[in-house]
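Structure first, then comments.
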Amino acid sequence: MIQPDVAVAFAVHENPKAFALLLGSGVSRSAMIPTGWEITLDLVRRVGRLQGAEEQADWAAWHQSTTGQPPSYSELLDRLSHGPDERRAILHSYIEASSEDRAEGRRTPTPAHRAIARLVADGFVRVIITTNFDRLLEEALRELGIQPTVLGSDDAIAGAAPLIHSGCCILKVHGDYLDTRIRNTEAELTAYSPVQDALLDRILDEHGLIVCGWSGEWDPA
């Protein structure tokens with residue numbers, strides 16, 4: 001039997017740049033970038049402590065018993081903020097690496113990010129789609145002297161060179177954590193803009209797709 005990962009490696013080696021990558025939060029989890037659910041639980045904890053609750057072994061259960069509803073990432077962000085600027089500020093602390101984080105190797109590129117960067121440097125991958133807000137992949141690429149074209153908004157897509165002329169293109173379908181236009185509420189994630197939708201259609205028409213660290217459960221669009 002040929003193992004699936006061996007078959008994928010063979011296909012990528014024999015067909016350089018024919019495959020695009022789709023990367024989800026699982027790729028950044030080992031860098032101590034929390035997943036959406038982990039951020040949700042921490043926000044529940046912070047809100048609970050501010051409201052006088054004792055430390056809980058299960059904050060999700062506490063939220064359920066207190067509000068009658070399971071905790072929702074989208075609902076919490078909506079209630080705790082008054083717009084995209086404030087939501088971006090909330091998420092910033094979960095993603096940005098402090099000097100202490102960097103000294104201890106947290107929130108920095110992982111072996112996975114660097115392996116992907118090597119695939120780009122060696123000419124096997126040119127297009128990467130990601131749902132992640134962080135910049136760990138961009139950092140890993142720049143360590144190898146690669147300046148990727150990063151598309152995190154309709155404006156960036158409209159002004160970008162054609163994919164065929166790009167050494168490396170990263171499409172951040174939910175945006176970038178330093179940009180107030182990030183998409184992270186349920187309403188914002190129900191559909192993509194026509195500009196982004198057209199680019200996704202083209203990528204998926206012209207490439208095979210390798211998925212890593214993405215469950216597909218939380219992204220209806």
Side-chain angles (χ1 to χ4, degrees), residues 4-5 7-9 11-13 15-39 73 88 91-92 94-97 105-144 146-153 156-157 160 163 166-179 181-184 188-189 192-193 196-197 199-221:
D5 55 348
V8 171
V12 170
H13 186 269
N15 301 275
K17 300 179 181 176
F19 288 87
L21 305 184
L22 170 56
L23 310 179
S25 61
V27 173
S28 292
R29 182 61 191 85
S30 60
M32 306 304 291
I33 301 291
T35 64
W37 177 244
E38 289 168 332
I39 292 174
Y73 175 85
R88 187 206 62 78
L91 292 174
H92 186 277
Y94 292 103
I95 297 174
E96 182 75 24
R106 297 190 300 263
R107 302 185 187 182
T108 59
T110 66
H113 293 103
R114 292 190 169 100
I116 293 166
R118 288 196 301 273
L119 285 173
V120 174
D122 292 341
F124 292 109
V125 172
R126 176 170 56 201
V127 178
I128 300 166
I129 306 166
T130 181
T131 61
N132 295 336
F133 299 127
D134 64 69
R135 295 184 173 184
L136 298 183
L137 182 57
E138 293 97 304
E139 190 174 334
L141 287 163
R142 290 179 180 125
E143 287 176 357
L144 298 182
I146 299 168
Q147 294 294 332
T149 298
V150 181
L151 308 178
S153 67
I157 293 172
L163 293 178
S166 173
C168 176
C169 177
I170 301 175
L171 174 58
K172 304 185 86 162
V173 291
H174 293 175
D176 183 275
Y177 82 102
L178 292 178
D179 191 325
R181 293 169 293 186
I182 56 174
R183 304 155 58 88
N184 55 7
E188 292 167 341
L189 294 173
Y192 294 127
S193 70
Q196 194 173 58
D197 223 11
L199 180 58
L200 279 168
D201 283 345
R202 180 180 173 190
I203 291 172
L204 298 179
D205 281 344
E206 297 177 358
H207 299 79
L209 191 66
I210 298 172
V211 181
C212 184
W214 182 71
S215 67
E217 294 182 17
W218 312 107
D219 300 297

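Because the structure is predicted, anything quoted here is derived from the model rather than measured.
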Rounded to the nearest 0.5 Å, the OG1 atom of Thr131 sits from the CH2 atom of Trp214 at a distance of 8.0 Å

Note: Cys168 and Leu141 closest approach over all heavy atoms is SG-CD1, 3.9 Å

Value for CD1 (Ile210) from CG (Asp5), rounded to nearest 0.5 Å, stands at 11.0 Å

Distance col, row Ile170:CD1 vs Thr130:OG1, nearest 0.5 angstrom, shows 8.0 Å

Value for CZ (Arg114) from CG (Leu136), rounded to nearest 0.5 Å, stands at 9.5 Å

CG of Leu199 to CG of Leu163, rounded to nearest 0.5 Å, is 5.5 Å

Shortest non-hydrogen pair, Pro16 vs Gly123, comes out as CB-O, 3.5 Å

Residue set satisfying side-chain contact (heavy atoms from CB on, under 4.5 Å) with Ala97, at least two apart, ordered chain then number -> Asp101, Arg102, Arg107

Hits for salt bridge (Lys or Arg N to Asp or Glu O under 4.0 Å) against Glu96, two or more places apart or cross-chain, chain-then-number order -> none

What one should report as the nearest heavy-atom pair of Leu144 and Ala121 is CD1-CB, 4.0 Å

Residues pairing under salt bridge (Lys or Arg N to Asp or Glu O under 4.0 Å) where one sits in residues 210-221, two or more places apart or in two chains, turn out to be none

Can you list, pair by pair, the side-chain donor-acceptor contacts under 3.5 Å of residues 21-34, counting residues two or more places apart and other chains?
| unit_1 | atom_1 | unit_2 | atom_2 | d |
| --- | --- | --- | --- | --- |
| Ser28 | OG | His113 | NE2 | 3.4 |
| Ser28 | OG | Asp134 | OD2 | 2.8 |
| Arg29 | NE | Glu38 | OE1 | 2.9 |
| Arg29 | NE | Glu38 | OE2 | 2.9 |
| Arg29 | NH2 | Glu38 | OE2 | 2.8 |

The reported gap from CG in Leu151 to CD1 in Ile128 (rounded to nearest 0.5 angstrom) is 11.5 Å

Closest heavy-atom pair, Gly167 versus Arg126, reported as atoms and distance to 0.1 Å, is O-CG, 3.7 Å

Arg135 meets the side-chain contact (heavy atoms from CB on, under 4.5 Å) criterion, sequence neighbours left out, with Glu138, Lys172, Asp176, Tyr177, Leu178

Got Leu171 and Ile157 here, is their nearest side-chain heavy-atom distance under 4.5 Å?
yes

Sorted by chain and number, sequence neighbours left out, salt bridge (Lys or Arg N to Asp or Glu O under 4.0 Å) with Arg202 holds for Glu206

